[in-house]
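Owing to the predicted nature of the structure, the values given are computational and were not obtained by experimental measurement.
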Amino acid sequence: MSDVRKHLLSGALSGLVSTVCLQPLDLLKTRMQQVDGTFPRSHNAMILETAREIFRTEGLRGLWRGTTPTLLRNIPGVALYFTGLNYTRNILSATSYFSVTPLHPPQTRSGSVLPKLSSQGNLLAGAVARVAVGVALNPVTVLKARYESNMYAYQSLPGALLSLLRSGPSEVFRGVLASSLRDAPYAGLFVVCYEGIKSDVSHLLAPTSATVSAGVHGFSAASAGVIATMATHPFDVIKTKMQVRTEDRYHGLLKTVSTIWHQRGVRGFFDGAALRVSRKPLSSALAWAVYEGMLMFMRT
């Protein structure tokens, strides 16, 4: 099997696992972020009340609402991201400025088969790969957000997609700037932190088996996910508002920022942060552990 197919397959599998396991947290985050105006009660009370309402009206399956568009977004998205990230890292590793020669063979030291780069190289590779995939799949991202919201009554996924396409480019690429402003620093910071933490942990706990390697990759990804998530969460709120709300005050990046600021102040830019911080590290841990584990399995 070619390297490209290996990365596509490993990325697709990691996207499938993380999506199915963690969709309820993503659903609740979207419901929190779609609120227009001030919250009538505390965040924790809102989360519990929203979960109870979904369970009461839609049953347990309701917590997995939007899973299909999320899978359509995440399986190819994660596969293309990991493949693009590896491709970009291979290109950068061929330059003297971004390349790093490890003191130990990568597989024996960190349980990884990926190319090694400087912090600047990891930052650039992560940002470029994530933004490129995000822009290409933005139409599905819009559908995902609207399916998770309770403000749209789509009857079928093909019908929803057709309706979105008929709305024109402004709707198809709605929120793409906010998504890019979130994804570029998120992915860049994540890859830098992930590689740094993985290297440090590998010196303390040598990955002598597949199980230990998976633990190292999972812990490193979860830790990097917390750091990158908190640093970029405001843009996630802005993106969701722009993609879900139809009022004129949410048309455009600056309008949306101004609306959130006047309604909720600084706190408004961190709506749903607890849910995203709960989901992103777990999602990253599952995705990277499965991805790197699958690569190592196919290589050996």
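The distance from the OH atom of Tyr87 to the CG atom of Leu92 is 11.0 Å, given to the nearest 0.5 Å. Rounding to the nearest 0.5 Å places OG1 of Thr50 at 8.5 Å from CD of Gln34. Between Ser163 atom OG and Glu171 atom CD the span is 9.0 Å, to the nearest 0.5 Å. Of the inter-residue distances, the one linking Ile75 atom CD1 with Leu8 atom CG reads 12.5 Å to the nearest 0.5 angstrom. One distance of note links CG of Leu80 with CG of Leu85; it measures 12.0 Å at 0.5 Å rounding. How far OG of Ser93 is from CG of Leu117: 6.0 Å, rounded to the nearest 0.5 Å.
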Checklist entry - Step by step, would you call Leu164 with Arg146 a side-chain contact (heavy atoms from CB on, under 4.5 Å)? => result CA-CA 11 Å; Leu164 180 65; Arg146 292 181 178 181; 3.9 Å; yes
Checklist entry - side-chain contact (heavy atoms from CB on, under 4.5 Å) between Val135 and Ser180: does it pass, once the steps are laid out? => result CA-CA 7 Å; Val135 171; Ser180 298; 3.9 Å; yes
Checklist entry - When you look at Thr67 and Gln23, which way does the side chain to side chain donor-acceptor pair (under 3.5 Å) test go after all the steps? => result CA-CA 6 Å; Thr67 300; Gln23 177 63 18; 4.5 Å; no
Item to check | Asp26 vs Arg276, salt bridge (Lys or Arg N to Asp or Glu O under 4.0 Å): CA-CA, chis, key distance, verdict | outcome: CA-CA 7 Å; Asp26 211 25; Arg276 189 165 178 250; over 6 Å; no
Item to check | Test side-chain contact (heavy atoms from CB on, under 4.5 Å) applied to Leu27 and Ile54, step by step | outcome: CA-CA 10 Å; Leu27 173 72; Ile54 294 171; 3.8 Å; yes
Item to check | Ser220 vs Val216, side-chain contact (heavy atoms from CB on, under 4.5 Å): CA-CA, chis, key distance, verdict | outcome: CA-CA 6 Å; Ser220 304; Val216 170; 4.1 Å; yes
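Proximity of Val172 to Asn138: side-chain heavy atoms (C-beta onward) are nowhere separated by under 4.5 Å. Side-chain contact between Val176 and Thr141: absent, with no pair of heavy atoms (C-beta onward) separated by less than 4.5 Å. Residues Asn122 and Phe98 fail the side-chain proximity criterion, which asks for heavy atoms closer than 4.5 Å. Contact check for Tyr147 versus Leu157: side-chain heavy atoms found under the 4.5 Å cut-off. A 4.5 Å side-chain heavy-atom check between Val35 and Met46 finds at least one atom pair inside the cut-off. With a 4.5 Å cut-off on side-chain heavy atoms, Ser179 and Gln243 count as touching. Side-chain contact check for Thr229 versus Asp236: every heavy-atom pair is 4.5 Å or farther apart.
Salt bridge status for Glu53 with Arg56: present, with a side-chain N to carboxylate O gap under 4.0 Å. Looking at Arg31 and Glu49, no side-chain N of the basic residue comes within less than 4.0 Å of a carboxylate O on the acidic one, giving no salt bridge. Using a 4.0 Å cut-off between charged side-chain N and carboxylate O, Lys29 and Asp271 make no salt bridge. Between Asp36 and Arg249 there is a salt bridge, since a side-chain N of the basic residue sits under 4.0 Å from a carboxylate O of the acidic one. Using a 4.0 Å cut-off between charged nitrogen and carboxylate oxygen, Glu195 and Arg89 count as a salt-bridge pair.
Of all non-hydrogen atoms in Leu72 and Pro76, the two that sit nearest each other are O-CG, 2.9 Å. Contact record, Ser14 with Ala287: CB-O, 3.1 Å, taken as the closest heavy-atom pair. Listed here is the closest heavy atom pair of Val131 and Ala184: CG2-CB, 3.6 Å. For the residue pair Ala285 and Ala222, the shortest heavy atom distance occurs at CB-CB, 4.1 Å. Nearest heavy-atom pair, His251 versus Thr246, reported as atom, atom and distance to 0.1 Å: NE2-O, 3.3 Å. Between Ala187 and Gly126, the shortest heavy-atom distance links the atoms CB-O, 3.1 Å.
For the pair Asn86 (side chain) and Phe82 (backbone), a donor-acceptor distance under 3.5 Å is absent. At least one donor-acceptor pair under 3.5 Å links the side chain of Thr256 to the backbone N or O of Gly252. Side-chain N or O atoms of Ser284 include none that pairs as donor or acceptor with a backbone N or O of Pro281 at under 3.5 Å. Within the 3.5 Å criterion, the main-chain N or O of Val244 finds no donor-acceptor partner in the side chain of Tyr250. Thr83 places a side-chain N or O within donor-acceptor distance of the main-chain N or O of Ala79, the cut-off being under 3.5 Å. Although no hydrogens or angles enter the test, the distance criterion places no donor-acceptor pair under 3.5 Å between the side chain of Tyr81 and the main chain of Gly134.
Heavy-atom neighbours of Phe55 CZ from other residues, nucleotides or ligands within 6.0 Å: at or below the threshold of 12.
Residues Leu162 and Phe173 are members of separate hydrophobic clusters, defined by side-chain heavy-atom contacts under 4.5 angstrom among Ile, Leu, Val, Met, Phe, Trp and Tyr. If you chain together hydrophobic residues whose side chains sit under 4.5 Å apart, Leu48 and Met32 never meet in one group. Residue Leu28 is grouped with residue Leu22 when hydrophobic side chains (ILVMFWY) are merged at heavy-atom distances under 4.5 angstrom, including chains of intermediate members. Note: the hydrophobic cluster containing Leu143 also contains Tyr152 (ILVMFWY, side chain heavy atoms under 4.5 Å, direct or indirect links). Val142 and Leu161 fall within the same hydrophobic cluster, where Ile, Leu, Val, Met, Phe, Trp and Tyr residues are linked whenever their side-chain heavy atoms come under 4.5 Å apart, directly or through other members.
Scored by the side chain to side chain contact (heavy atoms under 4.5 Å, CB included) test, Leu189 finds Ala228, Ala231 as partners (sequence neighbours excluded). Applying the side chain to side chain contact (heavy atoms under 4.5 Å, CB included) test to Leu137 and every residue at least two apart in sequence or in another chain returns Arg73, Val133. Remark: Arg130 pairs with Asp183 by the salt bridge (charged side-chain N to carboxylate O under 4.0 Å, His left out) rule, at least two apart or across chains.
Other cluster members for Leu177: Leu181, Met230, Phe235, Val237, Ile238, Met242, Leu253, Val257, Ile260, Trp261, Val266, Phe269, Phe270, Val277, joined by side-chain heavy-atom distances under 4.5 Å among Ile, Leu, Val, Met, Phe, Trp and Tyr. Here Val226 is tied to no hydrophobic group at all, with no ILVMFWY side chain closer than 4.5 Å.
Classification of the Tyr194-Phe190 ring pair by plane angle, with boundaries at 30° and 60°, yields parallel.
Screening residues 148-169 for salt bridge (Lys or Arg N to Asp or Glu O under 4.0 Å) gives Lys144-Glu148 as the qualifying pairs, with residues at least two apart or on separate chains.
In this structure, Lys280 is positioned above the aromatic face of Tyr186, its NZ or CZ under 6.0 Å from the six-membered ring centre and within 45° of the axis.
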